[in-house]
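Being a predicted model, the structure only gives us computed values, none of them experimental. By convention here, the first residue in the shown sequence is residue 1.
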Amino acid sequence: MLFELWKHPRPAAPVFRRDGQVVVASHRLAREVLADRERFSAANALDAVVPVPAGALRELASHRFRLPATLANNDTATHGPIRERFGEVFAPARVAALRPWLAGLARRTVAVAAHRLRAGEDVDLDAAVSSEIPLAALARLLDFEASATAEVKRFSRAALELFWGDPSPARQRELAEAVGPFHAMLRGWAAVSGGAAGDVREAYGEDAATAALFFLLVAGQETTSQFLTLLLHRLVEEPALLAHEPALIVEEGLRLLPPITSWRRVALQDTEIGDVPVAAGDSVLVWLAAAGADEGVAACPAHLVPGQRGSRRHLAFGAGAHRCLGSQLSRLEAEVVVAELAPLLPRCTVVAAPVSDPNLSFRMPSPLVVRLRD
């Protein structure tokens, strides 16, 4: 099934059809699709994979839920100006200036987890570390209050399952009951906020500002949280990796454990990808996880070797006009967390490994529970 494509061995074919989608596994062809806005559009990027039934739609509508094209799914003339305004939020200098604060936050967060471990507790590193730091950093950059981490995580995980997961109709209604009210809260914040959100509101309306915040709040912290949990699991199981610099570990992790495993495009015209014919209107699934392990991308493409040639040639952040705005922030967060946890992880053992729910684009790992070795 496409929902668990990333769990299966890499196929021999660089492009193939499955479940009504054209799947692109080749690194070269994946980059080509993502960068070519003449042949492929991002308009379907946020469409629900499983059609949302009437009951769930009514629940969303009762909270004025709307997702007009703003960022990830926007191939109109408004994309450039909206992206440019939010790009200022994630400017390299602003992100770099966060490092001392971020290091302090990570140090305090890890110290609390270490204290609990020394007291003999089992600790969920996903909840204790991975979920806390990316959300706090995003809140600081966007200048909003994010004290209720558990509430934000419940909303963001619900959104990822509703739009990219494989929920039943009854589950879709439950998810809509979580997503709708939080979207309404975001609308209220968008209506009065300044900065980038305020500028987008003034230029394109409240719906656009709310939709942009919705996507940034989900993608801007959930992807890094999930990546951290998967990477920390790998480091507990293979502590020898910690002999390398955190930045090198993170880059290799992004190549082989990208938090977004695939992303969609829709063909704008009859064309070909490789030697596979593609009709206008076909959905194209760019398999980012496979592209990172493609032959020729790295010296040892199937193995996590920090610092190896080609580590940075991955597509974990996409490519082209829709490349992830928060790539530098995500790297920084992961580097700081790995550096602060490096002395502790070799002393830990896994009690419960993260298991991923079926999802077309996100890994959605369950908790990573560890304890100190005896």
Going through the distances and angles, do Arg116 and Asp122 end up as a salt bridge (charged side-chain N to carboxylate O under 4.0 Å, His left out)?
CA-CA 8 Å; Arg116 292 174 56 198; Asp122 293 350; over 6 Å; no
Aromatic ring proximity His314/His27, centre distance under 6.0 Å:
no
List in chain and number order the residues that pass salt bridge (Lys or Arg N to Asp or Glu O under 4.0 Å) with Glu59, two or more places apart in sequence or in another chain; answer none if no residue qualifies.
Arg173
If the threshold is 4.0 Å, N to carboxylate O, is there a salt bridge linking Arg108 and Glu340?
no
Please work out which of the three classes, parallel, tilted or perpendicular, describes the rings of Phe215 and Trp263, given edges at 30° and 60°.
tilted
Does a salt bridge link Glu237 with Arg234, judged by any charged N lying under 4.0 Å from a carboxylate O?
no
Please assess Glu206 against Arg64 for the test salt bridge (charged side-chain N to carboxylate O under 4.0 Å, His left out), listing each intermediate value before the final yes or no.
CA-CA 11 Å; Glu206 186 180 285; Arg64 299 175 61 202; 3.5 Å; yes
Between Cys300 and Val305, which heavy-atom pair has the shortest distance, and what is it?
CB-CG2, 4.5 Å
Taking a hydrophobic cluster as the set of Ile, Leu, Val, Met, Phe, Trp and Tyr residues connected by side-chain heavy atoms closer than 4.5 Å, whether directly or through intermediates, do Phe65 and Tyr204 fall within one such cluster?
yes
Can you list every side-chain hydrogen bond (donor to acceptor under 3.5 Å, both in side chains) pair that touches residues 83-92, not counting sequence neighbours?
Arg85-Glu88, Arg85-Asp199
In Å, rounded to the nearest 0.5 Å, how long is the span from CG of Leu213 to CE of Met185?
9.5 Å
Please determine whether side-chain hydrogen bond (donor to acceptor under 3.5 Å, both in side chains) holds for the pair His322 and Asn74, giving the CA-CA distance in whole Å, both sets of side-chain angles, and the decisive distance to 0.1 Å.
CA-CA 9 Å; His322 291 277; Asn74 190 358; over 6 Å; no
Minimum heavy-atom distance Val123-Ala128, with the two atoms named
CG1-CB, 4.0 Å
Nearest 0.5 Å, please: how far is CZ in Phe317 from CG in Leu254?
4.5 Å
In terms of side-chain geometry, is the basic nitrogen of Arg371 or Glu121 positioned less than 4.0 Å from the acidic oxygen of its partner?
no
Heavy-atom pair of closest approach, residues Asp143 and Trp189
O-CZ2, 3.6 Å
Please answer whether the main-chain N or O of Arg39 pairs with a side-chain N or O of Asp36 as donor and acceptor at a distance below 3.5 Å.
yes
Not counting sequence neighbours, list each pair that qualifies as a salt bridge (charged side-chain N to carboxylate O under 4.0 Å, His left out) and has a residue in residues 263-284.
Arg17-Asp282
Is Arg201 reaching over with its side chain to a backbone N or O of Ala190, donor-acceptor style, under 3.5 angstrom?
yes
Between Thr229 and Ser225, is there a donor-acceptor pair closer than 3.5 Å when you use the side chain of the first and the backbone of the second?
yes
If you count heavy atoms of other groups shown closer than 6.0 angstrom to CZ of Arg94, is the number above 12?
yes
Which pair of heavy atoms, one from Ala289 and one from Pro258, lies closest together, and at what distance?
CA-CG, 3.7 Å
Run the salt-bridge test on Arg99 and Glu335 with the 4.0 Å N-O cut-off and return the result as yes or no.
yes
Distance (rounded to the nearest 0.5 Å) between Leu228 CG and His233 NE2
14.5 Å
Leu29 and Val286, any side-chain heavy atoms less than 4.5 Å apart:
no
Can you tell me how far CG of Leu360 sits from CG of Asp166, rounded to the nearest 0.5 angstrom?
10.0 Å
Could you tell me if the ring centre of Phe182 sits under 6.0 Å from that of Phe214?
no
Show your working on side-chain hydrogen bond (donor to acceptor under 3.5 Å, both in side chains) between Thr109 and Glu132 and close with a plain yes or no.
CA-CA 8 Å; Thr109 303; Glu132 294 285 341; over 6 Å; no
Output every pair passing salt bridge (charged side-chain N to carboxylate O under 4.0 Å, His left out) with a member in residues 309-330, not counting sequence neighbours, ordered by first then second residue.
Glu251-Arg312
Taking all non-hydrogen atoms of both residues into account, name the closest pair between Ala69 and Thr78 and its distance.
O-OG1, 4.2 Å
Closest non-hydrogen atoms of Ala106 and Val336, given as atom of the first, atom of the second and distance, are CB-CG1, 3.5 Å
Min side-chain heavy-atom separation Ser156-Gln221 under 4.5 Å
yes
Under the rule for salt bridge (Lys or Arg N to Asp or Glu O under 4.0 Å), what residues qualify as partners of Arg28, not counting sequence neighbours?
Glu32
Considering residues at least two apart in sequence or located in another chain, which fulfil the salt bridge (Lys or Arg N to Asp or Glu O under 4.0 Å) criterion with Glu174?
Arg171
